[in-house]
There are 2 protein chains.
Amino acid sequence: MAQVSARKLQDWKDQGFEPGNCPVRQVLDHVSAKWPVLILLELGRKPMRFNELLRALPDISKRMLTQSLRNLERDGILRREVFDTKPPSVTYSLSALGEGFLPHLLALVDWAETGMPEIVAARQRFDTV
Amino acid sequence: MAQVSARKLQDWKDQGFEPGNCPVRQVLDHVSAKWPVLILLELGRKPMRFNELLRALPDISKRMLTQSLRNLERDGILRREVFDTKPPSVTYSLSALGEGFLPHLLALVDWAETGMPEIVAARQRFDTV
DNA sequence: CCGTATCCTATCAGATACTG
DNA sequence: CAGTATCTGATAGGATACGG
């Protein structure tokens with residue numbers, strides 16, 4: 001594993017990727033930020049409409065929901081479909097790209113859940129010193 | 001996969017996990033933030049000293065490096081060893097927990113790299129509309 | 001060498017009010 | 001229903017200077 005990590009980093013540096021201009025990091029930032037994670041998990045269950053998401057995520061604001069959805073849509077991770085009914089309805093769903101991301105996200109969440117006891121213990125040790 | 005996602009979310013809600021008080025998210029935030037990702041990738045290659053990391057990550061500031069290292073140390077993801085030589089030296093290395101995280105991180109990076117062409121295309125479509 | 005302390009700015013994110 | 005606009009407080013993050 002260390003070798004993989006080492007090779008990847010070297011590859012990037014060979015290509016002149018400074019952390020600042022790395023396109024991968026931009027995407028990672030979008031998907032791993034506060035709300036996008038929750039949004040993607042919700043949409044992993046089923047496609048949803050705007051206000052449906054608003055209700056499912058109790059303490060998100062409209063502003064943040066809109067912004068997060070736009071970012072994810074722009075990156076092609078989710079799809080936005082407008083039905084010109086009255087009143088209008090808009091549904092959001094994962095794209096193929098988004099579906100491909102979900103397993104990684106769940107694996108990460110699993111890792112964090114599994115490691116929680118150890119992490120909590122580490123924190124207590126750190127804080128009491 | 002959708003089922004896994006659905007069950008997980010329901011489990012959390014049953015346990016009264018609001019997004020705001022979710023401990024998993026705190027950890028995820030720490031490891032997925034701007035600098036920690038790069039730090040973990042570097043330490044995935046080999047243990048490193050403070051200034052060594054500073055040189056490896058060209059545009060990080062001391063302040064941010066210190067802060068990021070402390071967060072990761074507090075969560076027990078990396079280990080900090082002080083050798084009381086003169087001048088003093090401090091080395092950072094991944095803990096078992098950190099080693100366990102690395103594969104997930106690399107998988108995510110891989111996903112992002114593989115998907116980049118599609119993402120770039122999606123962005124252009126989005127921006128030209 | 002390995003940090004801390006301070007200051008200062010830019011961006012993030014919540015609350016509120018308004019629109020097609 | 002599905003947003004946009006605006007204002008404001010909180011937070012992140014860079015630059016610089018200093019200390020053990």
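So that the names make sense, note that chain A is the first sequence line, chain B the second, and so on, each numbered from 1. Bear in mind that the values here come from a model prediction, so they are computed numbers and not experimental data.
- Under the salt bridge (charged side-chain N to carboxylate O under 4.0 Å, His left out) criterion, B:Glu118 pairs with no residue at all, not counting sequence neighbours.
- B:Glu42 contributes atom CD, which lies 5.5 Å from atom CG of B:Leu57 (distance to the nearest 0.5 angstrom).
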Read 5' to 3' with Watson-Crick or G-U pairs under 3.5 Å, [ ] for crossing pairs and | for partners on another strand, DNA chain D gives ||||||||||||||||||.|
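- Per the geometry, NZ belonging to B:Lys34 stands 14 Å off C1' belonging to D:dT11, to the nearest Å.
- Formation of a donor-acceptor pair under 3.5 Å by the B:Glu52 side chain with backbone atoms of B:Arg49 is found in this model.
- Summarising the geometry, the separation between CG on B:Leu53 and P on C:dC2 is reported as 10 Å, rounded to the nearest angstrom.
- Rounded to the nearest 0.5 angstrom, B:Ile39 CD1 and B:Met64 CE are separated by 10.0 Å.
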Step by step, would you call A:Asn71 with A:Ile77 a side-chain contact (heavy atoms from CB on, under 4.5 Å)? CA-CA 9 Å; A:Asn71 277 336; A:Ile77 288 163; over 6 Å; no
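- When distances run from any side-chain atom of B:Trp35 to the nucleotides D:dG14, C:dT4, C:dC1, the shortest one goes to D:dG14.
- Candidate nucleotides D:dA2, C:dC1, D:dG14 were compared by shortest atom distance to the side chain of A:Arg49, and D:dA2 ranks first.
- Between the C1' atom of C:dG14 and the CG atom of A:Leu57 lies a distance of 15 Å, rounded to the nearest Å.
- Note: CG (A:Asn71) to P (C:dA13) measures 10 Å, nearest angstrom.
- Counting non-hydrogen atoms under 4.0 angstrom, A:Tyr92 reaches the backbone sugars and phosphates but no base.
- The CG-C1' distance, from B:Leu65 to D:dG13, rounds to 13 Å in whole Å.
- Remark: A:Arg80 is in phosphate contact with D:dG3, judged by side-chain N or O atoms under 4.0 Å from OP1 or OP2.
- Ranking D:dC1, D:dG3, C:dG3 by closeness to the A:Val90 side chain, first place goes to D:dG3.
- Across A:Trp35 and A:Ser68, no two heavy atoms sit closer than the pair CB-OG, 3.8 Å.
- Between the P atom of D:dA12 and the CD atom of B:Gln67 lies a distance of 7 Å, rounded to the nearest Å.
- Nucleotides of DNA chain C nearest to A:Met64 and B:Thr66 differ in position, and the one nearer the 5' end is that of B:Thr66.
- Here the CG-CG distance, from A:Leu108 to B:Leu28, works out to 5.0 Å after rounding to the nearest 0.5 Å.
- A:Glu73 has its CD atom 9 Å from the P atom of D:dG3, to the nearest Å.
- Between the CG atom of B:Asp29 and the P atom of C:dC12 there is a distance of 15 Å, rounded to whole Å.
- At a threshold of 4.0 angstrom between heavy atoms, the contacts of A:Lys86 with the nucleic acid are absent.
- Residues A:Leu69 and A:Val82 share a hydrophobic cluster, clusters being chains of Ile/Leu/Val/Met/Phe/Trp/Tyr side chains in contact below 4.5 Å.
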Show each protein N/O and nucleotides 16-20 of chain C N/O combination with a separation under 3.5 Å, one pair to a line.
none

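- With respect to A:Arg123 and B:Asp75, a salt bridge is recorded, a charged nitrogen being found less than 4.0 Å from a carboxylate O.
- By the criterion of side-chain heavy atoms lying less than 4.5 angstrom apart, applied directly or through intervening Ile, Leu, Val, Met, Phe, Trp or Tyr residues, A:Phe126 is not grouped with B:Leu72; the two fall into different hydrophobic clusters.
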